[in-house]
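Because only heavy atoms are used, hydrogens play no part in the values below, and waters and symmetry mates are left out as well, while side chains stay in.
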Amino acid sequence: MCAFAFIAYVQRQSITIASERMMPELAFSQFQIGMLYWAFVAGYAGFQFLGGLYGQRVGARYAFVAMSIVAFSAMVAVPTSSLIVGGSA
């Protein structure tokens, strides 16, 4: 569980470092980068709530395993998405 939390933290915070290069390359303003940060926070908060409801409905053990599989799949999909859609990594 600590490993999942650490990886999620690193992925959330890596956008801060990447934004220095993203802003000029993609012509993003500081406001647009702020909205990108907000999207991460809103998604995190939304899935915390939905995950809690899911855990209450099916039980903590089953919910943890299911959400871990989904989280792992998402963590693998993010860096490999450019390869899947034909972009360059």
Side-chain angles (χ1 to χ4, degrees):
M1 189 150 87
C2 289
F4 277 116
F6 176 73
I7 292 170
Y9 173 78
V10 168
Q11 281 192 328
R12 270 195 325 270
Q13 296 304 320
S14 65
I15 194 70
T16 305
I17 297 165
S19 67
E20 292 178 13
R21 292 188 179 174
M22 285 173 42
M23 285 177 66
E25 190 171 317
L26 299 173
F28 282 176
S29 67
Q30 286 184 342
F31 178 77
Q32 290 170 318
I33 291 294
M35 292 300 289
L36 187 60
Y37 294 153
W38 181 84
F40 277 104
V41 171
Y44 184 78
F47 280 106
Q48 285 288 319
F49 178 73
L50 295 174
L53 291 177
Y54 182 67
Q56 286 181 341
R57 183 167 296 249
V58 300
R61 289 183 183 173
Y62 181 75
F64 181 71
V65 170
M67 288 186 275
S68 296
I69 291 169
V70 170
F72 178 76
S73 301
M75 285 187 266
V76 170
V78 168
T80 59
S81 63
S82 63
L83 299 172
I84 294 169
V85 297
S88 62

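Note that OG of Ser29 is 10.0 Å distant from CE of Met35, once rounded to the nearest 0.5 Å. Gln48 CD to Met67 CE: the interatomic distance, rounded to the nearest 0.5 Å, is 8.5 Å. Taking CZ of Phe31 as the start and CG of Leu36 as the end, the distance is 12.0 Å to the nearest 0.5 Å. Ile33 contributes atom CD1, which lies 4.0 Å from atom CE of Met22 (distance to the nearest 0.5 angstrom). Between the CH2 atom of Trp38 and the CD atom of Gln32 there is a distance of 15.0 Å, given to the nearest 0.5 Å.
Contact between Gly55 and Ala63 at its shortest, heavy atoms only, is CA-CB, 3.5 Å.
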- Task: Please step through side chain to side chain contact (heavy atoms under 4.5 Å, CB included) for the pair Phe49 and Tyr54, ending with a clear verdict.
- Result: CA-CA 9 Å; Phe49 178 73; Tyr54 182 67; over 6 Å; no
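More than 12 heavy-atom neighbours from other residues, nucleotides or ligands sit within 6.0 angstrom of OH on Tyr37.
Using a 4.5 Å cut-off between side-chain heavy atoms of Ile, Leu, Val, Met, Phe, Trp and Tyr, with links allowed through other members, Met23 and Phe40 fall into the same hydrophobic cluster.
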